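We count ligands from 1, going down the list as the structure has it; atoms in each ligand are counted the same way. Numbers here are sequence positions counted from 1. Keep in mind the model is a prediction, meaning the values are calculated, not measured.
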Amino acid sequence: MLSIIVPVFNEEESLAELRRQIEASCSKNEIEYEIIFIDDGSSDQSWSIIAGLARDDQRISGIRFRRNFGKAAALTAGMDAARGEWIMMMDADLQDDPEEIPQFLAKSAEGYQVVNGWKQRRLDPWHKVYPSRVFNWMIGRLTGLKLHDHNCGLKLFHSDVASEIHIYGELHRFIPVLAAARGFRVTEIPVNHRPREFGHSKYGIIRFLRGFLDLLTVVFLIGYGQRPQHMLGAIGLFFFAVGIAGFSYLSLLWIGMNIFHLLPEQPIGTRPLLAYSTAATILGAQAMSLGLLAELIVANTVQNRATFSIRETVKHE
Ligand code: UDP
Ligand code: MG
């Protein structure tokens, strides 16, 4: 079965039509499905429409948040409720085309656990399209997973992916990256994209700044999430060594001047090198102790239990 999870934030005009299009596409292709609408604190009629749809159709269910918690939270609630072996996430605003569902399933059958959409011909304003290209390129460079459209609202993934990766904040954009980092096979297919007809986009320009900070978080989590001291400790050791080298040099000068009288006397207390060395030593010690604190947190978190991802097992009963 396919579970279709749809985060909804003030999308009242689109819901009934979206449901109709999903039904049309799935029944034509004989796909067994359920739809889970997650109302992320809408202030319009979205919830009563969802409740109405769910009343009339066994395959439709709804979850209503008390307030707006964000798309990642809505998707997490949807993944927890999903019963299907495969999960498809789809925006509620009709920009994603349910006609694409069979192609996603066909692609996954080639041996992929994540199939990401790619809005090849994108129908959004230019101030979204261009920053988005830069962003996708940066993700590719920093994480090694080169996809054209990481932020695409249309993604299919296996339920194993949903149970292993934990998205929070605005990390929903990084589902393919986080999955790939755990060894799942990720691919993409071009999808048909439609302009928004009703309502308005919930994200502005600020998303790119946040997206960039999230990218740094994800790069750190993937690379050093289980061994933060390897990064912070390395930075710390470097600065510490630079500081100690500066102090050693100044000490040698002082000994040369005051004990062996080999050099003409000059004060060392006013030299810029002294200030730099002091700063470097403190910085180094701080980075190292931060790294130790981070290690302490990692050692004590639940997340630490699943540092690996099992593909399959053979054993004797
Ligand atoms: N959404 C949500 N919670 C939010 C913001 C957005 O559930 O806080 C939903 C929204 O209703 C839509 C999807 O996430 O179904 C994508 O949002 P939007 O279309 O505004 O993003 P864009 O297409 O502009 O990237
Ligand atoms: Mg949209």
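Only the side chain of Asp40 comes within 4.0 Å of ligand 1, judged by heavy-atom distances. Counting heavy atoms closer than 4.0 Å to ligand 1, residue Glu11 contributes side-chain atoms (C-beta onward) but none from N, CA, C or O. Counting heavy atoms closer than 4.0 Å to ligand 1, residue Met90 contributes nothing at all.
Heavy-atom proximity to atom 15 (O) of ligand 1, evaluated over Cys152, Ala74, Ala92, is greatest for Ala92. For atom 22 (P) of ligand 1, the choice among Lys128, Lys202, His172 with the nearest heavy atom turns out to be Lys128. Here the shortest heavy-atom distance to atom 18 (P) of ligand 1, taken over His200, Arg196, Arg173, belongs to Arg196.
Both tests do not hold together for Arg182 against Phe157: distance to the six-membered ring centre under 6.0 Å, angle to the ring axis within 45°. Judged by the 6.0 Å distance and 45° axis criteria, Arg210 is not positioned over the aromatic ring of Phe208.
Nearest protein neighbour of atom 23 (O) of ligand 1, counting heavy atoms only, is Gln95 OE1, 3.1 Å. At the top of the distance list for atom 17 (O) of ligand 1, counting protein heavy atoms only, stands Tyr203 CE1, 3.8 Å.
Here the straight-line distance linking atom CG of Asp44 with atom CD of Glu12 works out to 4.0 Å at 0.5 Å rounding.
Ion pairing between a basic and an acidic side chain is recognised when a charged N comes within 4.0 Å of a carboxylate O; Glu99 and Lys28 show such pairing. Using a 4.0 Å cut-off between charged nitrogen and carboxylate oxygen, Lys202 and Glu11 count as a salt-bridge pair. Taking 4.0 Å as the cut-off between side-chain N and carboxylate O, Lys107 and Glu110 count as a salt-bridged pair.
Near Val8, meaning under 4.0 Å from any of its heavy atoms, are these atoms of ligand 1: 7 (O), 11 (O). Heavy-atom proximity to Arg207, at under 4.0 Å, picks out these atoms of ligand 1: 22 (P), 24 (O), 25 (O). Within the listing of ligand 1, atoms 3 (N), 8 (O) sit less than 4.0 angstrom from a heavy atom of Gly70. Each of the following atoms of ligand 1 lies closer than 4.0 Å to a heavy atom of Asn68: 3 (N), 4 (C), 8 (O).
Classification of the Tyr203-His172 ring pair by plane angle, with boundaries at 30° and 60°, yields tilted.
For the Mg ion (ligand 2), the set of nearby N, O or S atoms under 2.8 Å includes one belonging to Gln95. Note on Asp93: counted as a metal contact of the Mg ion (ligand 2), an N/O/S atom lying under 2.8 Å.
Under the 4.5 Å side-chain criterion, counting only non-hydrogen atoms from C-beta, Cys152 is not in contact with Glu188.
Polar contact with ligand 1: present for Asp93 (N/O pair, distance under 3.5 Å).
Residue Arg196 is tested with Asp91, Asp124, Asp93 for a salt bridge (Lys or Arg N to Asp or Glu O under 4.0 Å); the sole match is Asp93.
Checked by atom type and distance alone, the side chain of Asn116 never pairs as donor or acceptor with a backbone atom of Lys155 at under 3.5 Å.
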